[in-house]
Amino acid sequence: HRSKSTGLPDVRERTLVAIKPDGVQRRLVGQIIQRFEQRGFKLVGLKMLQASQDVLSEHYCNLRTKPFYNSLVRYMTSGPLVVMVWEGHNVVQTSRTMVGHTNPAQAQAGTVRGDFSIHVSRNVIHASDSVEGAQKEIQLWFQAKDLLDWNCWDQISTGEL
Ligand code: IDP
């Protein structure tokens, strides 16, 4: 994604990543954060919380009519989540690639789901699926004041090397 005015890479692209309750229970938080750091993305927000039904019904509003919706909400409220905002060049699409297919059975090895999960109802992690979706989800889960605009000394995340 490029800035319409300058044509330069949009260094402010952000996405929402959430480690689901099974990921927290299974002590995968460190390994998952490590993958995003190692890739070069910049962490701009992070918190652990117990999700409310209200936030989840907004977060998954496009799935409300699905047969698995109630069990999805039970799963997502079964324990704490670790919710993060990651920033960097093309972070939305690259995060989806790093997360892997929704159904772990179809997720490639090397992806979070492909390495750490086997069933779609316990697939460890969420990442926004579009730039617009990411903006909505970030607003839903975070207050603007809790996102930090810090300078990365090496600019790895911007793609402007
Ligand atoms: P995504 O998480 O890969 O973006 P979505 O289709 O948006 O996939 O589904 C949201 C979440 O709902 C999935 O990550 C998974 O936890 C759950 N889910 C999706 N499909 C099923 C299903 O067929 N059975 C149970 N849970 C499902």
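Each ligand, and each atom within it, is numbered from 1 in the order the structure gives.
Interatomic distance, CZ of Arg12 versus NE2 of His89, reported as 16.0 Å (0.5 Å rounding). Taking CD1 from Ile125 and OG from Ser95, the interatomic distance works out to 8.0 Å, rounded to the nearest 0.5 Å.
Glu87 is not listed as a side-chain neighbour of Phe41, based on a closest heavy-atom distance of 4.5 Å or more.
Of all the heavy atoms in Leu43 and Trp150, the pair that sits closest is O-NE1, 2.8 Å.
Asp129 does not count as a contact of ligand 1, since none of its heavy atoms falls under 4.0 Å from the ligand. Residue-ligand proximity: His119 is placed with every non-hydrogen atom at 4.0 Å or more from ligand 1.
Salt bridge present: Arg35 and Asp115 bring a charged side-chain N and a carboxylate O closer than 4.0 Å.
Remark: Lys20 fails to qualify as a cation-pi partner of Tyr75 under the 6.0 Å distance and 45° angle criteria applied to the six-membered ring. For Lys42 and Trp86, the positive end is not near the middle of the six-membered ring at less than 6.0 Å and at most 45° from its axis.
In terms of protein heavy-atom proximity, atom 9 (O) of ligand 1 is nearest to Leu63 CD1, 3.6 Å. From the protein, the heavy atom lying nearest to atom 13 (C) of ligand 1 is Asn123 ND2, 3.5 Å. The single protein non-hydrogen atom nearest to atom 22 (C) of ligand 1 is Phe68 CD2, 3.4 Å, given as residue, atom name and distance. Of the protein's non-hydrogen atoms, the one nearest atom 24 (N) of ligand 1 is Val120 CG1, 3.5 Å.
Interface atoms of ligand 1 facing Tyr60, defined by a heavy-atom separation under 4.0 Å, are 10 (C), 11 (C). Every atom of ligand 1 is numbered from 1 in the order shown, and the set under 4.0 Å from a heavy atom of Leu72 is 12 (O), 16 (O), 17 (C). Near Arg96, the atoms of ligand 1 lying under 4.0 angstrom from a non-hydrogen atom of the residue are 1 (P), 3 (O), 4 (O).
Selection from Thr102, Val124, Asp22 by nearest heavy atom to atom 3 (O) of ligand 1 gives Thr102. Distances from atom 2 (O) of ligand 1 to the heavy atoms of Met76, Lys20, Arg113, Arg122 put Arg113 nearest.
Between His126 and His59, the ring planes lie perpendicular to each other; the angle is over 60°, past the 30° to 60° tilted range.
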